[in-house]
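What's counted below: heavy atoms across the whole structure, side chains too, no hydrogens, waters or symmetry copies. Counting starts at 1 for both ligands and their atoms, in listed order.
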Amino acid sequence: MRKQIILQAFDMTAAMHNAHGLWKHPESRRHREYKSLDYWMELARLLEKGKFDAVFFADVLGVYDVYGGDEAAALRDGVQVPLNDPAFVIPAMAAVTNHLSFAVTVSTSYEQPFHNARKFSTLDHLTNGRVAWNIVTSYLPNAAQNFGLEKMVKHDERYQIADEFLEVSYKLLEDSWEEDAVIADPNSGVLVDASKVHRIKHKGTYFSVEGPHVSEPSPQRTPVLYQAGTSEKGREFAARHAECVFVGGPTPEKINYYIEDIKARAEAYGRRKDEIKAFTFLQVVVAETEEEAYSKYEDIKKYWSADAAKAQYGGSTGYDLAAYENEEELFTYKHTEQGQSRAAYLTKDAARPFTVKEIHEKFSKPAEMDIFVGSPEQVADQLEDFFVRSGVDGFNLTHYITPKDLQDFVELVVPILQERGLYKKEYKEGTFREKLYNRPYLRSGHPAKQRKRS
Ligand SMILES: Cc1cc2nc3c(=O)[nH]c(=O)nc-3n(C[C@H](O)[C@H](O)[C@H](O)COP(=O)(O)O)c2cc1C
């Protein structure tokens, strides 16, 4: 059988995500409806109709205020703000679906492991094992200010914190409660067997957590672990912990380089290459005919906001494009404490150096990365080619006009991928991890499984 594409909708419980300026499009519903449960339940039903594996919720904890030195541009076009907490829509989406899973971004820089473990245990119970955690260390300076810090913790130290965060999480989720701790035996009058519930007594550099965990073991115990961020430290972290990685890059070959690098590092930690699945962005503009698709694309361009795109870029990289005035100057990589893989993307990872003028031009239209425009067959061809060349296991599908673009993809592209044997016609049974890996829990070689209870 051919390797099949794993498909996730890339989303955010915000008025807008990365479709900069597209809220102005007459068919955009999300900026009005993202606050309503009906909107998210409708989306869940649509995605399950299209056999999507999951919704991938990005999340941030502040405003994008690097571009031009404040958040004015980000607020004007709603760049990932206003924004609600993604966790709360998940039970409603799960209630109207049976198979769709939910990957939620949570930052190890600002969350507490005890609280986070309880949140994921709860979601895993309520969804019957359909949750994943996208582990990020965050890049917004404003987020740091919202959590009592004057400045962000430095990039590499954020990954050290993340490592300890994961260690505490494993202790809570994997070790604290034995499998048969809840016995609910009316004869002996015991609901929970106290000898099978353990305090974790974690005392580390960044966290001190006594335990025990307060939730009982959920179907997957630890949610499926995603990670996003391919800096040196990011790849090292992914190699140790991730079951799925979200990798960006300017070409399929560069994406492939990052995937292979992460897998090689994972082997050095005693893990297997096939324990990690990789995803990248997917941008599609599809219509019944090529002509209609290009006219749709022209329409999208009309509503695009360059300022909003630059605001998002500023927050995620630390590069304030408003301050780059010399158009002939080359746009080169410089170290920042924000997102280093995004910073590398248009600089040291690019196929050739760009001038500042070219960079400004790039942000004036939605073309920072590959976009597949065309008829359903043409889009399927481009997608298949990219899938093979990059070596990814799946995609996070972005959308400009929501939910219309997702509807079009489900109606027009999904059937072609299914015919080609590239995409499933039916879901597998089981939890998210069982669907991805045919096993309920993390593998024995994973660091979550390598500690002895103290
Ligand atoms: C594809 C991709 C998606 C990301 N999604 C988010 C996100 O939703 N929220 C967030 O705070 N950070 C996100 N990040 C960035 C992470 O916070 C990351 O831990 C941090 O910026 C460091 O990344 P680096 O390893 O690329 O330097 C993402 C990064 C990448 C590459």
Side-chain angles (χ1 to χ4, degrees), residues 8-14 16-18 55-64 66 79-81 83-87 102-111 132-144 146-147 152-163 165-166 225-242 244-250 254-255 258-259 261-262 265 278-283 312-319 333-349 368-369 390 392 394-398:
Q8 306 177 138
F10 191 32
D11 220 313
M12 203 165 191
T13 44
M16 293 307 296
H17 184 195
N18 289 332
V55 191
F56 184 106
F57 285 113
D59 197 29
V60 292
L61 295 163
V63 291
Y64 286 77
V66 171
V79 177
Q80 304 182 359
V81 65
L83 164 69
N84 287 338
D85 186 324
F102 308 92
V104 200
T105 297
V106 176
S107 171
T108 50
S109 301
Y110 305 116
E111 181 63 85
W133 169 18
N134 177 39
I135 307 161
V136 299
T137 62
S138 300
Y139 46 60
L140 289 177
N142 180 241
N146 291 336
F147 287 85
M152 278 192 301
V153 173
K154 285 191 180 253
H155 179 275
D156 290 1
E157 190 180 358
R158 295 204 299 270
Y159 277 110
Q160 266 167 262
I161 298 172
D163 254 319
F165 194 116
L166 269 285
L225 298 175
Y226 277 59
Q227 182 270 357
T230 39
S231 62
E232 176 70 27
K233 291 281 182 221
R235 279 175 273 158
E236 203 51 30
F237 179 85
R240 273 174 50 70
H241 301 282
C244 296
V245 288
F246 183 18
V247 179
K254 194 74 207 181
I255 292 168
Y258 282 133
I259 296 170
D261 182 74
I262 291 168
R265 289 171 196 244
F279 298 81
T280 194
F281 298 91
L282 175 63
Q283 301 199 102
Q312 203 278 339
Y313 185 73
S316 56
T317 57
Y319 298 170
Y333 183 84
K334 62 175 198 286
H335 176 87
T336 69
E337 296 300 335
Q338 266 116 329
Q340 294 180 357
S341 34
R342 184 91 198 277
Y345 192 85
L346 293 175
T347 56
K348 61 185 180 187
D349 279 359
E368 202 193 329
M369 54 190 93
S390 63
V392 293
F395 296 100
N396 273 356
L397 179 65
T398 63

Would you please classify the geometry between the F10 ring and the H17 ring as parallel, tilted or perpendicular, with 30° and 60° separating the classes?
perpendicular
What residue among F281, Y226, F395, F279 forms ring-ring contact (aromatic ring centres under 6.0 Å, His included) with F246?
F281
Where ligand 1 meets D59 - atom numbers and elements under 4.0 angstrom, heavy-atom basis:
7 (C), 8 (O), 9 (N), 10 (C), 11 (O)
Report, in ascending order of atom number, the atoms of ligand 1 lying under 4.0 Å from any heavy atom of T230.
25 (O), 26 (O)
Where ligand 1 meets S231 - atom numbers and elements under 4.0 angstrom, heavy-atom basis
24 (P), 25 (O), 26 (O), 27 (O)
Identify, by atom number and element, the atoms of ligand 1 in contact range of F281, meaning under 4.0 Å from any of its heavy atoms.
1 (C)
Looking at K334, I'd like to know if its NZ atom is crowded, meaning that more than 12 non-hydrogen atoms belonging to other residues, nucleotides or ligands lie closer than 6.0 Å.
yes
Need the ligand 1 atom indices (1-based, order shown) with element for anything under 4.0 Å from a heavy-atom of Y159.
18 (C), 19 (O), 22 (C), 23 (O), 24 (P), 25 (O)
Just by distance, do the side chain of N142 and the backbone of V63 share a donor-acceptor pair under 3.5 Å?
yes
Strictly by modelled atom types, are Q340 and Y139 linked by a side-chain donor-acceptor pair under 3.5 Å?
no
Would you mind telling me if ligand 1 is within reach of the side chain of T105, the backbone, both or neither, using heavy atoms under 4.0 Å?
side chain
Is S107 near ligand 1, meaning one of its heavy atoms is under 4.0 Å from it?
no
In the protein, what heavy atom is nearest to atom 17 (O) of ligand 1, and what distance, to one decimal place, separates them?
S138 N, 2.8 Å
Quick one: are the ring centres of W133 and F57 less than 6.0 Å apart?
no
Quick one: look up the protein heavy atom nearest atom 14 (N) of ligand 1 and list residue, atom name and how far away it is.
Y139 CE2, 3.7 Å
Please confirm whether F237 comes under 4.0 Å of ligand 1, counting heavy atoms of the residue only.
no
Under 6.0 Å from the NZ atom of K233, do we count more than 12 heavy atoms belonging to anything else shown?
no
Does ligand 1 have an atom that lies less than 4.0 angstrom from a heavy atom of F57?
no
Indicate whether any N or O donor in one side chain lies under 3.5 Å from an N or O acceptor in the other, for Y64 and Q80.
yes
Between H155 and ligand 1, find which residue part has any heavy-atom pair under 4.0 Å and reply side chain, backbone, both or neither.
side chain
Which protein heavy atom lies closest to atom 6 (C) of ligand 1, and at what distance to 0.1 Å?
V136 CG1, 3.8 Å
Might you work through the side-chain contact (heavy atoms from CB on, under 4.5 Å) test for T105 and F56, ending with a clear yes or no?
CA-CA 8 Å; T105 297; F56 184 106; 4.1 Å; yes
Any luck finding a side-chain donor-acceptor pair between N84 and T13 under 3.5 Å?
no
Strictly by modelled atom types, are R342 and S316 linked by a side-chain donor-acceptor pair under 3.5 Å?
yes
From the candidates G62, A58, A228, G339, the one that places a heavy atom nearest atom 4 (C) of ligand 1:
A228
Ligand 1 versus L140, non-hydrogen atoms closer than 4.0 Å: side chain, backbone, both, neither?
neither
Minimum-distance protein heavy atom relative to atom 20 (C) of ligand 1
T137 OG1, 3.4 Å
For S341, the ligand 1 atoms whose distance to one of its heavy atoms is below 4.0 Å:
24 (P), 26 (O), 27 (O), 31 (C)
